[in-house]
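Worksheet for the structure shown next.
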Amino acid sequence: MKKLAFILITLLIVSCSTEGKQEEVVRELAKKDAIEKLQLPEGTTFNNENIEITETEAGEASIGISYLVKVTVKSQDREGNEIVKTHTFNYKKIGEGGLSPQDYELVSFE
C-alpha cells in the first residue's frame, strides 16, 4: 500500500512540474508572437506581470487543451502619457509533449 501511495505522489509531482514547464513554453511563445504580430520593436521585453495565462480544456486528455494568453503592452505617446493595451492570444496544443513551441498553434489574436 505504501508503494502505491509513493508511486501516485511521484506521478502527481511529475505532472505538476510538466504543467509549469508547458506554461513557460506558452509564455515564451506569446512573447515572441506579440513582438512579431503587433510589430513591436525588437528589443521589447516583458515581465511575468504583463502576461496572464489561462488554461482551458477543449477535449479529452492532454490533447485539446487551449491556452488563453493576455499580454499587456505599456507604451508612451509623444506627450509622455502612458498607454496600456491588452491583447489576447489563443493557443491550441497540437503536440503530445507540450515542452516545445512546435507543440502549440496560434489560433487567434486580438
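Note that this is a predicted model, so its numbers are computed, not measured.
- For the residue pair Ala34 and Phe46, the shortest heavy atom distance occurs at CB-CZ, 4.0 Å.
- A heavy-atom distance below 4.5 Å is found between the side chains of Leu40 and Val73.
- For Glu36, the salt bridge (charged side-chain N to carboxylate O under 4.0 Å, His left out) criterion is met by no residue, not counting sequence neighbours.
- Judged by distance alone, the side chain of Asn48 and the main-chain N or O of Ile51 form no donor-acceptor pair under 3.5 Å.
- Contact check for Thr88 versus Leu68: side-chain heavy atoms found under the 4.5 Å cut-off.
- Note that NZ of Lys85 and OG of Ser75 are 6.5 Å apart. Values are rounded to the nearest 0.5 Å.
- Between the CZ atom in Arg27 and the CD atom in Glu52 there is a gap of 9.5 Å [rounded to 0.5 Å].
- Taken to the nearest 0.5 Å, the CD1 atom of Ile65 stands 8.5 Å off from the OG1 atom of Thr56.
- Residue Lys31 qualifies as enclosed at atom NZ: its count of foreign heavy atoms under 6.0 Å is above 12.
- Side-chain rings of Tyr104 and Tyr91 stay apart, their centers remaining 6.0 Å or farther from each other.
- Nearest approach of Asn90 to Ser66, heavy atoms of both residues: OD1-CB, 4.1 Å.
- Here the CG-CD distance, from Leu29 to Glu24, works out to 11.5 Å after rounding to the nearest 0.5 Å.
- Considering all non-hydrogen atoms of both residues, Val69 and Ala30 come closest at CG1-CB, 3.7 Å.
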Start with the C-alpha gap between Gln22 and Lys93, add the side-chain angles, then the distance that decides, and say whether side chain to side chain contact (heavy atoms under 4.5 Å, CB included) holds.
CA-CA 10 Å; Gln22 288 177 353; Lys93 185 176 179 182; 3.2 Å; yes

Kindly determine whether Ile83 and Lys74 satisfy side chain to side chain contact (heavy atoms under 4.5 Å, CB included), including the steps that lead there.
CA-CA 6 Å; Ile83 300 170; Lys74 296 179 183 179; over 6 Å; no

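- Atom OH of residue Tyr67 and atom NZ of residue Lys92 lie 14.0 Å apart, to the nearest 0.5 angstrom.
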Give the C-alpha distance, both sets of side-chain angles, the deciding distance and a yes or no for side chain to side chain contact (heavy atoms under 4.5 Å, CB included) between Phe89 and Asp33.
CA-CA 9 Å; Phe89 293 82; Asp33 285 341; 4.1 Å; yes

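- Taken from CD in Glu23 to CD in Glu55, the straight-line distance is 6.5 Å, to the nearest 0.5 Å.
- Legend: residues meeting side-chain contact (heavy atoms from CB on, under 4.5 Å) with Asn81, ordered by chain and number and at least two apart, are Asp77, Glu79.
- Criterion: ILVMFWY side-chain heavy atoms under 4.5 Å apart, direct or through other members. Under it, Ile53 and Val107 are not part of a common hydrophobic cluster.
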